[in-house]
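Keep in mind that what you see is a predicted model, and the values were worked out from it rather than measured.
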Amino acid sequence: MSADAPLTDEELVELDDFLLSDACSDETLSIDEAHGFLTALVMVPEPTPQATWLDAIWGEPQFADAAQEQRMTELLLRLHDEIADALREGGPFEPLVAEEEEDGELYETYEGWCFGFMLGVELHQELWEQLPKNEQQLLAPMAKLALLNADEEAEMDEAECESWLELLPGAVAGLYTYWRRTN
């Protein structure tokens, strides 16, 4: 597999399985949270050192061996580059969503992606605080949906959730465009 190829579904599952395994701590981000986190980092004009974002995603994992460490690092690097390429290409951006089952029905959840995105915003808070008011409003869908992931007390009816979800691709595109204009 080429080092710059997008991750396959199997590779995404492999990476998520590792992130959720006993090799990582409870604070380790899941794959959808990591995708949101990296999306926020890729947007800003100030690059984040690789060691910083790897640590923020998985802390200090206990790798089985050097080969596993290399493999998991490669997968995260490719995920980072895949996000950067998708944003640069300017097509409709697709957040990586988790699938959950409830009452025998499978549904998609965006809360983890939004939570990860807001963690990325927090990492460069000084930059994000400089957003003009119009662009600050573009953070609202991510912030609102992230609350569902971070606060078990938070509730939102299906219609409100859907209205925020519809805004996600445009919000990501708008924020990316803003940061590219100012850079």
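- Asp157 CG: more than 12 foreign heavy atoms inside a 6.0 Å radius.
- Between Ile57 atom CD1 and His35 atom NE2 the span is 11.0 Å, to the nearest 0.5 Å.
- In terms of the side-chain hydrogen bond (donor to acceptor under 3.5 Å, both in side chains) criterion, Gln70 has no residue partners (sequence neighbours excluded).
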side-chain contact (heavy atoms from CB on, under 4.5 Å), that's the test. Do Leu175 and Phe117 meet it? Break it down for me.
CA-CA 12 Å; Leu175 289 166; Phe117 188 92; 4.1 Å; yes
side-chain contact (heavy atoms from CB on, under 4.5 Å), that's the test. Do Thr39 and Tyr176 meet it? Break it down for me.
CA-CA 9 Å; Thr39 302; Tyr176 182 75; over 6 Å; no
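- No side-chain heavy atom of Asp32 sits under 4.5 Å from any side-chain heavy atom of Val97.
- Here Phe63 pairs with Phe18, Trp58 under the ring pair (Phe, Tyr, Trp, His ring centres under 6.0 Å) rule; sequence neighbours left out.
- Remark: the backbone N or O of Ala67 is paired with a side-chain donor or acceptor of Asp65 at under 3.5 angstrom.
- Counting all heavy atoms, side chain and backbone alike, Glu99 lies closest to Leu106 at OE1-CD2, 3.6 Å.
- Listed by first and then second residue, the side chain to side chain donor-acceptor pair (under 3.5 Å) pairs involving residues 117-129 are Thr48-His124, Gln125-Glu129 (not counting sequence neighbours).
- For the residue pair Pro47 and Pro45, the shortest heavy atom distance occurs at CD-O, 3.3 Å.
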Going through the distances and angles, do Val13 and Asp9 end up as a side-chain contact (heavy atoms from CB on, under 4.5 Å)?
CA-CA 6 Å; Val13 169; Asp9 289 342; 5.6 Å; no
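- To the nearest 0.5 Å, atoms CG (Leu165) and SG (Cys161) are separated by 4.5 Å.
- The 12-atom threshold is not exceeded at CD of Gln62, counting heavy atoms of other residues, nucleotides or ligands nearer than 6.0 Å.
- Between Gly120 and Phe37, the closest heavy-atom pair is N-CD1, 3.4 Å.
- The CD atom of Glu82 sits 12.0 Å away from atom NE2 of His80, with the distance rounded to the nearest 0.5 Å.
- Here the CG atom belonging to Leu138 is positioned 13.5 Å from the NZ atom belonging to Lys133, to the nearest 0.5 angstrom.
- Rounded to the nearest 0.5 angstrom, Glu94 CD and Leu168 CG are separated by 10.0 Å.
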Test side-chain contact (heavy atoms from CB on, under 4.5 Å) on Leu139 and Leu131; report intermediate values, then the result.
CA-CA 10 Å; Leu139 285 172; Leu131 282 176; 3.9 Å; yes
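- Residues passing the side-chain hydrogen bond (donor to acceptor under 3.5 Å, both in side chains) test with Glu14 are Arg71, sequence neighbours excluded.
- Asp16 places none of its side-chain heavy atoms less than 4.5 Å from the side chain of Leu12.
- Considering every non-hydrogen atom in both Arg180 and Val42, the closest pair reads NH2-O, 3.1 Å.
- Proximity of Leu119 to Glu33: side-chain heavy atoms (C-beta onward) are nowhere separated by under 4.5 Å.
- The two residues Pro141 and Cys114 make their nearest non-hydrogen contact at O-SG, 4.3 Å.
- Distance check, rounded to the nearest 0.5 Å: CG of Leu145 to CD of Glu160 gives 8.5 Å.
- A salt bridge links Glu11 and Arg78; the closest N-O separation between the charged side-chain nitrogens and carboxylate oxygens is under 4.0 Å.
- Tracing side-chain contacts under 4.5 Å through hydrophobic residues (I, L, V, M, F, W, Y), one reaches Leu96 starting from Leu77; they form part of the same cluster.
- The two atoms that bring Ser30 and Leu19 nearest to each other are C-CD1, 4.0 Å, heavy atoms only.
- Applying the side-chain hydrogen bond (donor to acceptor under 3.5 Å, both in side chains) test to Glu111 and every residue at least two apart in sequence or in another chain returns nothing.
- For Asp85, the side-chain hydrogen bond (donor to acceptor under 3.5 Å, both in side chains) test picks out Arg88, with sequence neighbours left out.
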